[in-house]
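Each remark here refers to the structure printed beneath this line.
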Amino acid sequence: GEILGYAKSYANGDGSSGTVFEDSERNWIGDKFSDPARGFESSYSRVEVINEKGETTGFLEKGSNTQYNVDDPTDIISVRSWDYIFDADEILVSGKETEGLTTTTYGKDWEIVSVTTDTTQLPKISSTTGVPTSLLHSTTPEDTKVLVRQFPDGGSETTYFEGSKIL
């Protein structure tokens with residue numbers, strides 16, 4: 001019979017909708033939002049960290065947003081997610097943010113600890129013809145990995161990778 005929290009859903013005239021989440025004391029703890037007309041979805045949450053004395057020592061923040069092609073929602077244009085830990089003064093203690101293939105790890109006060117790119121699922125280049133040497137794998141050009149993004153207007157962008165390094 002104890003109330004754990006609340007959720008309030010809404011819908012806007014433009015087709016967007018969402019849900020706002022609150023804890024049992026009606027403090028905002030997160031939300032979800034969807035805008036299919038513009039190809040956008042997001043979610044966000046913030047939870048206090050409480051020590052054994054019941055004192056708030058900081059908070060955890062998690063979120064994500066996705067942009068997709070409105071004509072084909074399975075065609076993902078971009079994805080960004082984050083997971084941060086803040087102290088009681090709202091100063092970042094540590095965190096991780098991923099956008100596409102690239103993950104940035106942060107230390108205290110947004111110091112960049114590392115930036116990595118996961119290319120394990122990318123295909124190797126099918127032909128090196130016409131590609132400048134500086135964009136190909138330094139020792140074995142045929143091992144160059146590629147990521148080709150097609151845009152709704154018909155344009156495209158190709159990113160070349162040697163291992164996990166962006167070329």
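- Between the Asn12 side chain and the Gly15 main chain, no donor and acceptor come within less than 3.5 Å of each other.
- Donor-acceptor pairing under 3.5 Å is recorded for the side chains of Ser127 and Thr129.
- Checking side-chain atoms of Asp89 against main-chain N and O of Ile91 turns up no donor-acceptor pair under 3.5 Å.
- Test Val49, Asp87, Asp109 against Val93 for side-chain contact (heavy atoms from CB on, under 4.5 Å) and you get one pass: Asp87.
- Criterion: ILVMFWY side-chain heavy atoms under 4.5 Å apart, direct or through other members. Under it, Phe33 and Ile77 are not part of a common hydrophobic cluster.
- Residues Val79 and Tyr68 are members of one and the same hydrophobic cluster, defined by side-chain heavy-atom contacts under 4.5 angstrom among Ile, Leu, Val, Met, Phe, Trp and Tyr.
- At least one donor-acceptor pair under 3.5 Å links the side chain of Thr144 to the backbone N or O of His137.
- Residues Ile125 and Leu136 form a side-chain contact, since some pair of their non-hydrogen atoms from C-beta on lies under 4.5 Å apart.
- Taking the six-membered ring for Trp, Trp110 and Tyr84 have ring centres closer than 6.0 Å.
- Under the 4.5 Å side-chain criterion, counting only non-hydrogen atoms from C-beta, Lys96 is not in contact with Tyr106.
- Side-chain contact check for Ser94 versus Ile85: some heavy-atom pair is nearer than 4.5 Å.
- Heavy atoms of other residues, nucleotides or ligands lying less than 6.0 angstrom from CD of Gln121 number 12 at most.
- A donor-acceptor pair under 3.5 Å links the side-chain atoms of Gln67 to the main chain of Gly39, judged by distance alone.
- Between Ser17 and Ser34, the side chains place no donor N or O within less than 3.5 Å of an acceptor N or O (distance only, hydrogens not considered).
- Linking ILVMFWY side-chain heavy atoms closer than 4.5 Å, directly or via other members, places Ile3 and Ile29 in two distinct hydrophobic clusters.
- The pair Lys62-Asp83 meets the salt-bridge criterion, since a charged nitrogen lies less than 4.0 angstrom from a carboxylate oxygen.
- Lys32 has its side chain within reach of Phe21: a pair of non-hydrogen atoms, C-beta onward, lies under 4.5 Å apart.
- Side-chain rings of Tyr44 and Trp28 approach one another, their centers coming within less than 6.0 Å.
- Thr19 and Ser9 are linked by a side-chain donor-acceptor pair at a separation below 3.5 angstrom, with hydrogens and angles left out of the test.
- A salt bridge links Arg80 with Glu97: at least one charged nitrogen is closer than 4.0 Å to a carboxylate oxygen.
- Under the 4.5 Å side-chain heavy-atom criterion for ILVMFWY residues, a single connected hydrophobic cluster contains both Trp82 and Leu92.
- Within the 4.5 Å cutoff, the side chain of Thr102 has no heavy atoms near those of the Asp118 side chain.
- Atom OG of Ser42 and atom CG of Asp31 lie 6.0 Å apart (nearest 0.5 Å).
- Two residues are said to be in side-chain contact when any heavy atoms from C-beta on lie closer than 4.5 Å; Asp143 and Lys124 meet this criterion.
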